[in-house]
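What follows is a short report on a single structure.
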Amino acid sequence: MLQAPKGTRDFFPDEMIWRRHLEKTWREVSIRHGFDEIEGPTFELLDLYRVKSGDEIVSELFSFEDRGGRQLALRPEFTPTLARMVVARAASLPKPTKWFAIPLHYRAERPQRGRLREFLQWNVDMIGDDSPAADSEVLGVAIDLLAELGLTRELVRVKISHRETVSKCLLRLGIPEDRLLQAFALLDRRDKMSPEDFQKAAGALGLKDDTIARFDEIARAGIAATASWGEVVRSLQVPEQDLEDLQPIHDILDKTGLAPWCEYDLGIVRGLAYYTGTVFEIRDAGGKERAVCGGGRYDRLVETFGGPPTPACGFGMGDVVLSLMLQDHRLKPEAADIMPAPDVFLISAGGDDAEALLPKLLLDLRRAGLHARRSYRATRNVGKLLKEASNTHARFAVILGQELEQGQLVVKDLTAGDQIPVDVGQVAKLVLTRLGRFSERGLDAPTSSCGM
RNA sequence: GCGACCGUAGCUCAGUUGGUUAGAGCACCUGGUUGUGGUCCAGGGGGUCGGGGGUUCGAAUCCCCUCGGUCGCCCCA
């Protein structure tokens, strides 16, 4: 049998409704925070990713050549596209420009827990504002989304760091400036290494034994953002002047009320790519899953792509880890609870006249704007048919039976349990009224008003 | 790209030291003959045992390769 390619997913109705639900939530949260939706091409020129990340990234990409010999790649992330779009309109964009996107991404890496080769990632970016307020506004969107899905500040940790602050601390420990990037890489990997390997690697960077211990200490310090600034300074045991970049962030997190979700962790460096200031990631408090969200400030990227100097910050949040995390905490809704429930479910319990009427009635109800379904079973067993209606979570069942001899059928409220006979022509009106969706205009011309 | 473990029905799994036409529960479909809801009873469809090759009189079972999954490494934008 043909299989779906490695690391991809088929979205059957149960999975698709969750995907749509998640996208809808992402979209609604973005919009109420004042962001506009954008989208870009699914593939870009390979050079767009080379410029930013260097040649070694190419092996992680799905790349190909078109018939004109152009080197192309499926997008592994959205930020380069975003930067390109900013450059294209740089002169006319308002400041700040607030954009979000919900694109599919592709990465040619080995699939494992929380990582697939095709996935959705919600991107939220604020362009043209270099203030810590912008950092916190973006953080606020991510946190609001998590809260919207039922996650709490006990269940997740927003870990915040600052590139400049970390650099200053490392320099003061005696790490040469030209080894800073390597030190970042070491920080990033510290949890995957044995203490011995960590020591060895730190020694290779020119650190002495006592400073290695300090390096490790700084990397592991997790400080609640609700602490006073004085306490933060004391915990890190570094000169306050080295923390000057962190202090404004601390102030704004306190003022906006986001602090209870956040903690400082100078071990967070988020890869090596293009971040320049604040960096953050959001993880499950249990530490079981990968980071669900990562982001930060990238003040030089737009310039790198040929635009004017433009500060920017943003984050990405993937659907794979987010879904796992919600599942871990039993916060992921059952498909049946988010599937659109029919307004009416038609069942035929009578003879040929019922069979003959059903398709027309079904179409009339649908044209009146109702979500109407029917049973396709052969059985006339009303009990079984009602069970089927009930399984679809339909609000009303319409039973076409004996009463047709009097021109009537039975409308049963599947939630309340009551049922009433009604004239065939009055079904739509009755159901719409009971649903609170009845309007005179819809009644006057139920079939012509759909304007087809 | 590298390593470890795994692969039997749509799902969860059973299948003796290798031994006949490979099983259960759930789900799905039909019926229980004129009508009221997650019951109950009976029946049914559905599996090249992931795929290919080998060993053997005989392979779901043992060996090799391959494809996929899971968990790590690399990477994590």
Side-chain angles (χ1 to χ4, degrees), chain A residues 1-10 12-14 44 48-54 56-61 73 75-83 105-117 119 121 123 185 188-189 191-193 197 268-275 279 281 288-296 298 301 314-316 318 320-321 324 336 345 347-354 375-394 396-405 409-419 421:
Chain A
M1 189 163 100
L2 290 174
Q3 296 169 312
K6 181 194 291 201
T8 65
R9 294 169 286 182
D10 292 327
F12 290 95
D14 281 5
E44 293 272 7
L48 186 74
Y49 305 113
R50 273 218 182 95
V51 166
K52 203 205 74 181
S53 309
E56 69 278 8
I57 210 68
V58 173
S59 66
E60 308 287 328
L61 298 179
R75 62 181 169 206
E77 59 167 327
F78 191 68
T79 312
T81 298
L82 176 105
H105 297 277
Y106 305 86
R107 296 182 187 171
E109 45 187 12
R110 192 90 154 81
Q112 46 191 287
R113 187 174 180 85
R115 302 174 71 174
L116 296 174
R117 290 183 160 192
F119 56 95
Q121 192 181 68
N123 285 259
D188 203 29
R189 288 185 355 204
D191 285 335
K192 289 181 179 173
M193 306 175 79
D197 287 347
I268 301 297
V269 287
R270 295 305 302 164
L272 301 168
Y274 46 70
Y275 291 117
V279 287
E281 65 184 40
K288 187 175 144 198
E289 307 292 353
R290 293 163 197 285
V292 67
C293 173
Y298 48 98
L301 187 64
F315 66 82
V320 183
V321 175
L324 285 172
F345 193 91
I347 64 185
S348 162
D352 296 344
D353 52 342
S375 175
Y376 292 95
R377 291 170 182 248
T379 184
R380 299 282 166 80
N381 184 321
V382 174
K384 284 188 180 178
L385 293 169
L386 279 175
K387 181 180 166 186
E388 186 187 355
S390 174
N391 284 343
T392 66
H393 289 63
F396 293 99
V398 172
I399 306 164
L400 286 69
Q402 289 178 337
E403 299 83 355
L404 277 179
E405 290 167 19
L409 28 71
V410 173
V411 175
K412 179 172 177 117
D413 185 327
L414 291 171
T415 307
D418 64 294
Q419 61 182 49

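Just so we're on the same page: letters track the sequence lines, and every chain starts at 1.
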Roughly, in whole Å, what's the span from CZ in A:Arg377 to C1' in B:U36? 15 Å
A:Leu385 has an atom CG; how far is it from atom C1' of B:U30, in whole Å? 13 Å
Map A:Lys6 and A:Ala349 onto RNA chain B by nearest heavy atom, then report which one ends up closer to the 5' terminus. A:Ala349
Could you tell me how far B:G50 sits from B:G7 if I compare only their P atoms? Round to whole Å. 8 Å
By salt bridge (Lys or Arg N to Asp or Glu O under 4.0 Å) - contacts of A:Arg115 (at least two apart): A:Glu109
Sequence-distant partners of A:Arg290, side-chain hydrogen bond (donor to acceptor under 3.5 Å, both in side chains), two or more places apart: A:Gln112
Polar side-chain contact A:Arg115-B:C75 base: donor and acceptor under 3.5 Å: yes
Does the B:U36 base have a donor-acceptor partner in the side chain of A:Gln419 within less than 3.5 Å? yes
Using a strict threshold of under 4.0 Å (side-chain N to carboxylate O), is an ion pair present between A:Arg107 and A:Glu77? no
Between B:A24 and B:G44, how far apart are the P atoms? Round to whole Å, please. 11 Å
Length of the line joining A:Glu60:CD and B:G1:C1', which is rounded to integer Å: 9 Å
Distance, rounded to the nearest Å, where A:Leu61 contributes CG and B:C74 contributes C1': 15 Å
Once base and sugar-phosphate atoms are separated, protein heavy atoms under 4.0 Å mark nucleotides 37-44 of chain B, 5' to 3', with B, S and - as BBS-----
Taking only side-chain N and O atoms of A:Arg113, does any of them lie within less than 4.0 angstrom of OP1 or OP2 on B:U70? no
Of the candidates B:C75, B:U36, B:U70, the side chain of A:Pro111 sits closest to B:U70
Under the salt bridge (Lys or Arg N to Asp or Glu O under 4.0 Å) rule, collect the residues that match up with A:Lys384, sequence neighbours excluded. none
Donor-acceptor pair, distance only, cut-off 3.5 Å: does the side chain of A:Asp14 make one with the backbone of A:Phe12? no
Mind calculating the distance between CG (A:Leu116) and C1' (B:C75) to the nearest angstrom? 16 Å
Pairs under 3.5 angstrom, nitrogen or oxygen only, protein versus nucleotides 2-5 of chain B, please.
{"residue": "B:C2", "atom": "N4", "partner": "A:Arg110", "partner atom": "NE", "Å": "3.1"}
{"residue": "B:G3", "atom": "O6", "partner": "A:Arg110", "partner atom": "NH2", "Å": "3.4"}

What stems show up for RNA chain B when you take Watson-Crick pairs (N1-N3 plus N6-O4 or O6-N4) and G-U wobbles (N1-O2, O6-N3), both under 3.5 Å, and require three or more consecutive pairs? B:1-7 with B:67-73, B:10-13 with B:23-26, B:28-32 with B:40-44, B:50-54 with B:62-66
Is the distance from OP1 or OP2 of B:G72 to the nearest side-chain N or O of A:Gln112 less than 4.0 Å? yes
